[in-house]
Participant: 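I have a structure here, written as structure tokens, and I will follow up with some questions on it.
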Amino acid sequence: MSMEKPQGYSQQQLALDQMFKDINPALSARQAGIESSRCYYCYDAPCVTACPSNINIPSFIASIHADDLTGAAKTIYSENIMGGSCARVCPTEILCEQACVRNKEQEKAPVKIGLLQRHATDNAKFVGHPFKRAAATGKTIAVVGAGPAGLSCAHRLALLGNEVEIFEAADKPGGLNEYGIAKYKLTDNFAQKEVEFILSIGGITLHTNKALGKDISLQQLKDQFDAVFLAIGLQDVHSLMLVNEAHPQVLNAVDYIKELRQASDISELDVPKDSAVVIGAGNTAIDMACQLKRLGTEEVTLVYRRGTEHMSATEHEQQIAKDHEVRIKTWARPEHINLDDDGALKSLTFRKTYSEDGQLKDSEESFEITCSAIFKAVGQKFAYPKAEQLIPTVSNGKIATFGQQVTSIDGVYAGGDCTSEGQDLTVEAVQQGKLAALAIHQQLNQEA
């Protein structure tokens, strides 16, 4: 995929991109050669077991070592067509790299699998698409949502000879890769380049600005297509349930990150200059805090109600926050959003907390942090379109699936963050999309 800047690239955009340079620079050819030689090419490799998308990691690393980057990339793409973005955003430190047998040695330094995967996918030289479509099946499938799960499902279905139409509510495809990942993790318009690569297999028609429950209905899709795959993600965010939460300087982190990723000029953003507070403990909270520091906010404090050991953000992500000089305060929950006499945001009062018998409890102590903006990153939640008449069974707040990504509605499948399967990770969504495609293809062929 080309990394050249598009024509008409402005100085403002260039300045913004300089501010958000890639946090994990790519390996050079020499570095990749050295790193690939560290792999033991294990039989029954634990790194493969730890990979949600089942990539044959020893095989692609061996190809890199043999200077066959195209072969390496094809091995990756055969299991994970979004191997390029996953190499950048996947928490390899708790998946394949944590499982690497090199961790058992004195140096405890795993093979840099993520960076090697990126090296292969960035530098492979394909003539056209790496895979050829199978003979046409005559079947048509609707995919709702052009995020990782939807794109993965669509690609695998097209590869198997089916015709696919994707319906995406937003202006652009890509889902979280386009709108929700920290700008320093996916640079150079990578999300759109990856989408173009995926669609280049053929047999996929993309419709944007087509929202379920507004522009299309599930019943219409069921009537028009042989099967439907729902990959609608998480559309809502949790509330702090505090007075003054509707204040304009109390913002949802996911909305701000979306705005930042689409901005072409820093002047388009309302950046708190002196101080900001981020509430949360996950990767979104870390992404938000670090990006604020890069934008120039002098003091950024991330606050979480439990300890660092309970944070869903990995130690690697927490270290990124520390490297950005983000202050992390734990064992505190937000209690009051305070405004001054003119109605401007003044501060946030926190109640100190502690754990007793596994239960979170309030102490008698509180403290206040002065801030000019508050960013909520306390988790996203599923919200099925209210106008929809056809509703699949929802369990634990998400679409329930009953094996092979099947929902309670005949012919309707689901995957990605909108289901309760696996973790809310890009690589998990890609895998669920792939598995759903295989299940849909098999079911339709059985019926043929």
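Every value quoted in this text rests on a predicted model; they were computed, and no experiment measured them.
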Participant: Tell me, with the steps shown, if E388 and K386 meet salt bridge (Lys or Arg N to Asp or Glu O under 4.0 Å).
Facilitator: CA-CA 6 Å; E388 261 300 319; K386 293 181 180 179; over 6 Å; no
Participant: Could you check whether Q235 and Q380, counting side-chain N and O atoms only, form a donor-acceptor pair closer than 3.5 Å?
Facilitator: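 The criterion, which ignores hydrogens and geometry beyond distance, is not satisfied for Q235 and Q380.
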Participant: State, to 0.1 Å, how close P52 and E428 come at their nearest heavy-atom pair, and which atoms those are.
Facilitator: CB-CD, 4.2 Å
Participant: Do the side-chain N and O atoms of Q431 and K434 include a donor-acceptor pair separated by under 3.5 angstrom?
Facilitator: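 Judged by distance alone, the side chains do pair up.
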Participant: E168 and T208: side-chain donor and acceptor closer than 3.5 Å?
Facilitator: no
Participant: Is it true that the NZ or CZ of K258 lies under 6.0 Å from the centre of Y179's six-membered ring and within 45 degrees of the ring axis?
Facilitator: yes
Participant: If you count every heavy atom of other residues, nucleotides or ligands that lies below 6.0 Å from E315 atom CD, does the total exceed 12?
Facilitator: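 At most 12 heavy atoms, drawn from other residues, nucleotides or ligands, come within 6.0 Å of this atom.
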Participant: With a 3.5 Å cut-off and no angle check, do the side chains of D362 and T353 form a donor-acceptor pair?
Facilitator: no
Participant: Measure the spacing between CG of L348 and CD1 of I369 and express it to the nearest 0.5 Å.
Facilitator: 7.0 Å
Participant: Within a strict 4.5 Å, meaning less than it, do heavy atoms of the L295 and L260 side chains meet?
Facilitator: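 SC-SC contact between L295 and L260 confirmed.
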Participant: Checking side chain to side chain donor-acceptor pair (under 3.5 Å) for the pair Q117/T121: CA distance, chi angles, key distance, verdict?
Facilitator: CA-CA 6 Å; Q117 180 168 311; T121 54; over 6 Å; no
Participant: To the nearest 0.5 angstrom, please state how far the NE2 atom of H207 sits from the CG atom of D215.
Facilitator: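 The distance works out to 12.0 Å.
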Participant: Checking side-chain polar atoms at under 3.5 Å, does K112 have a donor or acceptor matched by the opposite partner on Q31?
Facilitator: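 Not at all, the side chains of K112 and Q31 share no donor-acceptor pair under 3.5 Å.
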Participant: Spell out, as yes or no, whether a donor-acceptor pair under 3.5 Å connects the side chain of D68 to the backbone of G71.
Facilitator: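 Judged by distance alone, yes, a pair lies under 3.5 Å.
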Participant: Looking only at side-chain N and O atoms, does T349 offer a donor or acceptor that is under 3.5 Å from a partner on N338?
Facilitator: yes
Participant: Could you check whether any side-chain N or O of R156 sits under 3.5 Å from a backbone N or O of G433, counting only pairs where one atom can act as donor and the other as acceptor?
Facilitator: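 Absent.
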Participant: Under 6.0 Å from the NZ atom of K210, do we count more than 12 heavy atoms belonging to anything else shown?
Facilitator: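 Not more than 12 within 6.0 Å, no.
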Participant: Does the side chain of S363 come within less than 4.5 Å of W331's, by heavy atoms?
Facilitator: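 W331 does not reach S363 side chain to side chain.
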Participant: In the structure I gave you, are the side-chain heavy atoms of M288 and I257 within less than 4.5 Å of one another anywhere?
Facilitator: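 A side-chain contact under 4.5 Å exists here.
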Participant: Is the ring centre of F350 less than 6.0 Å from the ring centre of F367?
Facilitator: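 Yes, the ring of F350 comes within the 6.0 Å limit of the ring of F367, centre to centre.
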Participant: Would you say D265's side chain and E268's backbone share a donor-acceptor pair under 3.5 angstrom?
Facilitator: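 Not at all, since once roles are kept as given, no pair shorter than 3.5 Å links the two residues.
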Participant: Backbone N or O of G416 within a donor-acceptor pair of the E421 side chain at under 3.5 Å?
Facilitator: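 Looks like no, no N/O pair under 3.5 Å.
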Participant: Mind checking the CD1-CG spacing from I61 to L116? Nearest 0.5 Å is all I need.
Facilitator: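 The CD1 atom of I61 sits 5.0 Å away from the CG atom of L116.
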Participant: Evaluate whether atom CD of E325 has more than 12 neighbouring non-hydrogen atoms of other residues, nucleotides or ligands under 6.0 angstrom away.
Facilitator: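 Result for CD/E325: open.
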Participant: Do the non-hydrogen side-chain atoms of V303 and P334 ever get within less than 4.5 Å of each other?
Facilitator: no
Participant: Between D255 and K376, does any NZ, NE, NH1 or NH2 come within less than 4.0 Å of an OD or OE carboxylate oxygen?
Facilitator: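 A salt bridge is absent here (no side-chain N lies under 4.0 Å from a carboxylate O).
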Participant: Does a side chain donor of either S372 or Q249 reach within less than 3.5 Å of an acceptor in the other side chain?
Facilitator: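 Short answer, no.
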Participant: Under 4.5 Å between any side-chain heavy atoms of V254 and T284, yes or no?
Facilitator: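 Yes, at least one pair of side-chain atoms sits under 4.5 Å.
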Participant: Whether the side chain of E245 engages the backbone of L242 through a donor-acceptor N/O pair (distance < 3.5 Å, no angle test) should be reported.
Facilitator: yes
Participant: Would you confirm whether D122, through its side chain, and H119, through its main-chain N or O, come within 3.5 Å as a donor-acceptor pair?
Facilitator: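 Not at all, since once roles are kept as given, no pair shorter than 3.5 Å links the two residues.
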Participant: Got I57 and C96 here, is their nearest side-chain heavy-atom distance under 4.5 Å?
Facilitator: yes
Participant: Assess whether side chain to side chain donor-acceptor pair (under 3.5 Å) is satisfied between E335 and S366, documenting all intermediate values.
Facilitator: CA-CA 9 Å; E335 190 171 55; S366 64; 5.1 Å; no
Participant: Does atom CG of N396 have more than 12 heavy-atom neighbours from other groups under 6.0 Å away?
Facilitator: no
Participant: Ion pair present between R327 and E299, side-chain N to carboxylate O less than 4.0 angstrom?
Facilitator: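 Yes, charged N to carboxylate O under 4.0 Å.
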Participant: Charged N to carboxylate O under 4.0 angstrom, K185 versus D22?
Facilitator: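 Between D22 and K185 there is no salt bridge, as every charged N stays at least 4.0 Å from the carboxylate O atoms.
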Participant: Any side-chain donor paired with an acceptor under 3.5 Å for Q98 and E93?
Facilitator: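 Checked: Q98/E93 side chains show no N/O donor-acceptor pair below 3.5 Å.
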Participant: Using every non-hydrogen atom in the two residues, find where I266 and M19 come nearest and quote the distance to one decimal.
Facilitator: CD1-CE, 3.6 Å
Participant: Can any side-chain N or O of S408 pair as donor or acceptor with the backbone N or O of T393 at less than 3.5 Å?
Facilitator: yes
Participant: Would Y184 and H324 count as a ring pair (Phe, Tyr, Trp, His ring centres under 6.0 Å) here? Give the steps.
Facilitator: CA-CA 12 Å; Y184 52 73; H324 280 78; 5.7 Å; yes
Participant: Is any side-chain heavy atom of Y413 closer than 4.5 Å to one of V228?
Facilitator: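 No, every pair of side-chain atoms sits at 4.5 Å or beyond.
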Participant: Can you tell me how the ring of F197 sits relative to the ring of Y77, calling it parallel under 30°, perpendicular over 60° and tilted otherwise?
Facilitator: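 Tilted, since the angle between the ring planes falls between 30° and 60°.
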Participant: One pair to check against side chain to side chain donor-acceptor pair (under 3.5 Å): S53 and E79. What are the steps and the verdict?
Facilitator: CA-CA 6 Å; S53 57; E79 294 295 342; over 6 Å; no
Participant: Do Y384 and L212 come close enough that some side-chain heavy atom pair is under 4.5 Å?
Facilitator: yes
Participant: Indicate yes or no for a side-chain donor-acceptor contact from D342 to the backbone of A344 under 3.5 Å, with no hydrogens or angles considered.
Facilitator: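 Not confirmed, D342 side chain does not pair with A344 backbone.
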Participant: Taking M82's backbone N and O only, do any of them form a donor-acceptor pair with S85's side chain (distance below 3.5 Å, no angle check)?
Facilitator: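 Flag set: sc S85 to bb M82 pair under 3.5 Å.
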Participant: Table please: side-chain donor-acceptor pairs of residues 37-47 below 3.5 Å, with sequence neighbours left out.
Facilitator:
residue: S37; atom: OG; partner: I34; partner atom: O; Å: 2.5
residue: R38; atom: NH1; partner: E35; partner atom: OE2; Å: 2.8
residue: R38; atom: NH1; partner: P110; partner atom: O; Å: 3.2
residue: R38; atom: NH2; partner: A109; partner atom: O; Å: 2.6
residue: Y40; atom: OH; partner: R102; partner atom: NH1; Å: 3.4
residue: Y40; atom: OH; partner: E105; partner atom: OE2; Å: 2.3
residue: Y41; atom: OH; partner: S36; partner atom: O; Å: 2.9

Participant: Counting heavy atoms not belonging to D67, are there more than 12 under 6.0 Å from its CG?
Facilitator: no
Participant: To the nearest 0.5 Å, what is the distance between CD1 (I232) and SG (C418)?
Facilitator: 5.0 Å
Participant: Just checking, is any N or O donor in the side chain of T419 or Q432 under 3.5 Å from an acceptor N or O on the other one?
Facilitator: yes
Participant: Without hydrogens or angle criteria, can the side chains of D287 and Q291 be said to hold a donor-acceptor pair below 3.5 Å?
Facilitator: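 No, no side-chain donor-acceptor contact under 3.5 Å.
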Participant: Provide the closest heavy-atom pair for A191 versus E178 in the form atom of the first, atom of the second, distance.
Facilitator: CB-OE1, 3.6 Å
Participant: I'd like to know if the side chain of S63 and the backbone of L69 have a donor-acceptor N/O pair within less than 3.5 Å.
Facilitator: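 Pair absent, no side-chain N/O of S63 close to backbone of L69.
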Participant: Roughly how far, to the nearest 0.5 Å, is the SG atom of C90 from the CZ atom of R118?
Facilitator: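 The CZ atom of R118 sits 14.0 Å away from the SG atom of C90.
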Participant: What's the separation between atom NZ in K172 and atom CG in N209, rounded to the nearest 0.5 Å?
Facilitator: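 Nearest 0.5 Å value for the NZ-CG distance: 12.0 Å.
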Participant: Would you please say whether a donor-acceptor pair under 3.5 Å links the side chains of Q318 and T314?
Facilitator: no
Participant: Less than 3.5 Å apart, any donor N or O on the side chain of N56 or T75 sitting next to an acceptor on the other?
Facilitator: no
Participant: Do you know the tightest heavy-atom contact between A72 and I64?
Facilitator: CB-CG1, 3.8 Å
Participant: How about NZ on K381, more than 12 heavy atoms from neighbouring residues, nucleotides or ligands closer than 6.0 Å, or not?
Facilitator: yes
